[in-house]
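In what follows, chains are A, B, ... by sequence order, proteins preceding strands, each numbered from 1.
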Number of protein chains: 2
Amino acid sequence: MTIILQNAMSDTANRDRVGELPVARLTETDAALREHATPVRVRRRQRLSLDQPTPDTVYIVRSGLLGIEAAILGKPRQLLELFYPGDIIRRANMPPLPNATLTALNVSEVWRLPARGFEALLAANVDQHANMQRRLGEQHARASLHASIIGALSGDERFASLLIELGLRIGQRGAAGIGIDNPLSRTDIADYLALNPDTLSRITSRFRARGLLVPLGGGQILLPSWEELCAASPIATTLKALHTPPG
Amino acid sequence: MTIILQNAMSDTANRDRVGELPVARLTETDAALREHATPVRVRRRQRLSLDQPTPDTVYIVRSGLLGIEAAILGKPRQLLELFYPGDIIRRANMPPLPNATLTALNVSEVWRLPARGFEALLAANVDQHANMQRRLGEQHARASLHASIIGALSGDERFASLLIELGLRIGQRGAAGIGIDNPLSRTDIADYLALNPDTLSRITSRFRARGLLVPLGGGQILLPSWEELCAASPIATTLKALHTPPG
DNA sequence: AGGGGGTTTTGATCCCGATCAACAGATTTG
DNA sequence: CAAATCTGTTGATCGGGATCAAAACCCCCT
C-alpha cells in the first residue's frame, strides 16, 4: 500500500491528480505577470510580511501552500485562509487584525509585486483582468464558506471537509486510495477548523477507526475511501465545485 | 431618552452618524455606473435571484441592508454576509451552496447590472476600477473576519461585535447614546452569529441587565455606553477599521 | 374585549468540545 | 546518551451553548 503510493508520488510527470496541478501552469497571462514580479522562494514556516516592503504588496502563489495566521487578544491562534497555487494574496483583502501574518505552510514559491504594478497590469489586459477577478471571487467564496463550515458543522464534519479540500487540491490518486503529501501540522489543522488539538486528536482517531484515514509516516496520509469521506461532509459537492478547476 | 432619540432620527439631514452615510453618495463614479444599471427597489424580506436573469448579475447596494442566506443540508439556516450601501454583490463571490439567496433585510435600493457591463465599466476607468477593487477587498476582509468571529469568540463577544458593527454602519448618535433603527430580526441575528435563538435571547437579557442595550419599541434599540460595548468585544478596533469609511 | 398565530423568553436537561493533566514519541541540544 | 523541548495522544472533568418544552408576550384581527 505504502509502496504504491510512493511510486505514484515519485512519478511526478504521470501522476493522476484529483484536483488542480500543484504548480500553476505558465500561460501568457503568467508571462506578463512574471516580468513585473519578483520570485520569492520560501521554506516551511517562513513568514512573509504583508506590510513590507511597499505598503500594499501583492503575492501570487506559484507552488506550495501558504496561510494567513492571526490571533485575537487572548484567544487561540487561528488559520484564517489557505492559499494554493494561482491564489492572490494582498493585505487589503484580509481583516486588519493585529499580528496577521502570511506563513508558508510548506516550501513554496510566490511572485511578489507592488500593488501599483499589479493594478496597472490588470488595466492593460482585459483577459488578465477577468481571470484575476475570477480568482479573487473564488477566494472570497472560500472565505465565506469557511465561516459557514466553522459555524454550522460538527468537528467530524469540519475535518472531513478539510480532507476533501486537501484531496482535491494536493491529493494524488493511487491504487490504494488518494494520498496526500506533506499536509498541515496537527496544530495548523486545529487552528484552521477552530478546534483545539486535543479534540482534533480524538477526531482523527475516530477517522482512523472508521477506515477513512490511514497515516503513513513522514507527514503523508492516505484516504482509502473517497466516497465514504465525501459522505461524511454535508458540503462535499460545494467543496468539489470550489476546489476543482473548471476545466 | 426616547424623545431625544426620535428627534435625532426624524432629523435626517443633520443627524450625526457614527459610521457611514446610509445612502452612498452620488459621485462621478456612481454616475457612470448609473447609466448602465437598472435601479431595483426591494421591500423587507424580498429575495433577489443571483442566477437570473443573466448568469452572473452584479448588484450594487445603494441604500438599506441585504444579506446572503444559505443552509447546509439539515443544518440551521445561516446568514453568511451583510451588505451595506456601496457593497458589490455577485454570485461568483459566494460559495456555491444550494439555496443561497440574496435577501433584503430592510427596505433597500440596489443597482442591477450584467457582469459584462460591470467589467467593461471597470476596464474603462482606472479610478473606478481601483475603487471597486478596494470595496471588494474590504468585503473579502469582512467575510474572513466573520469566520474569525464565529470561530474564536464567545456568544456574548459575538453579539457585542455585531452591535458595534451596526452602530458604526447604521447607528445615530443621540444624547442618550447611539440609536439603531430597524435592525435585523432575532432570527437573523442568531443565524448571522451562528447561535440559536434561545441562546441569543439569554445573551440579550444579559446585555440589558448590564446596561449595554436598551430596547425601544418598534425594532429600535439604544446603546447607552459605546465604550463599555467596545470593551465587551476583543475585536472592537478591527471592527472600527473595517466599518468606518477612510475619510 | 377576546381570540389566534407568531415570536421571544424562560426553565430543565443534554451533549459536544474545551480544559486540565499526565503520558508517549519525536526531535533537538548539551 | 541523557536532558530538554515540542508535538501528539489519552483520560477525566467541566462548561457553554444546543435542544426541548412550556409559558409569556406581541401584533394584528373582527
- Item | Touch class at under 4.0 angstrom, heavy-atom based, for A/Ala190 against every strand present | nothing
- Message: Taking any heavy-atom pair under 4.0 Å as a contact, classify A/Arg158: base, sugar-phosphate, or nothing.
- Response: nothing
Rounded off to whole Å, could you give me the [atom1]-to-[atom2] distance for the [X] and [N] pair?
X: A/Ile189; N: D/dT9; atom1: CD1; atom2: C1'; answer: 15 Å
X: B/Asn196; N: D/dA21; atom1: CG; atom2: P; answer: 14 Å
X: A/Leu153; N: D/dG17; atom1: CG; atom2: P; answer: 18 Å
X: B/Ile203; N: D/dG17; atom1: CD1; atom2: C1'; answer: 8 Å
X: B/Lys75; N: D/dT19; atom1: NZ; atom2: C1'; answer: 14 Å
X: A/Phe207; N: D/dT9; atom1: CZ; atom2: C1'; answer: 17 Å
X: B/Asp198; N: D/dA22; atom1: CG; atom2: P; answer: 14 Å
X: A/Leu200; N: D/dG8; atom1: CG; atom2: P; answer: 9 Å

- Task: Check each of B/Ile149, B/Leu162, B/Leu200 against B/Tyr192 using the side chain to side chain contact (heavy atoms under 4.5 Å, CB included) test, and report the only one that passes.
- Result: B/Leu162
- Residue-phosphate contact under 4.0 Å: A/Ser205 side-chain N/O, D/dT10 OP1/OP2: yes
- Item | N or O in side chain of B/Thr199 less than 4.0 angstrom from D/dG17 OP1/OP2 | no
Is [X] salt-bridged to [Y], going by a charged N under 4.0 Å from an acidic O?
X: A/Arg77; Y: A/Glu69; value: yes
X: A/Glu165; Y: A/Lys240; value: no
X: B/Asp87; Y: B/Arg62; value: no
X: B/Arg45; Y: B/Asp188; value: yes

- Item | No-H, no-angle donor-acceptor pair, A/Arg202 side chain to D/dG11 base, under 3.5 Å | yes
- Item | Covered region of DNA chain C, 5' end to 3' end, by chain A [heavy atoms, under 4.0 Å] | C/dG17 to C/dA21
- Of B/Thr187 and A/Gly155, whose nearest nucleotide on DNA chain C comes first from the 5' end? B/Thr187
- Check the side chains of B/Thr57 and B/Arg112 for a donor-acceptor pair under 3.5 angstrom, ignoring hydrogens and angles. no
- What closest approach, in Å, do A/Leu153 and A/Pro234 show between heavy atoms, and which atom pair accounts for it? CD2-CG, 3.6 Å
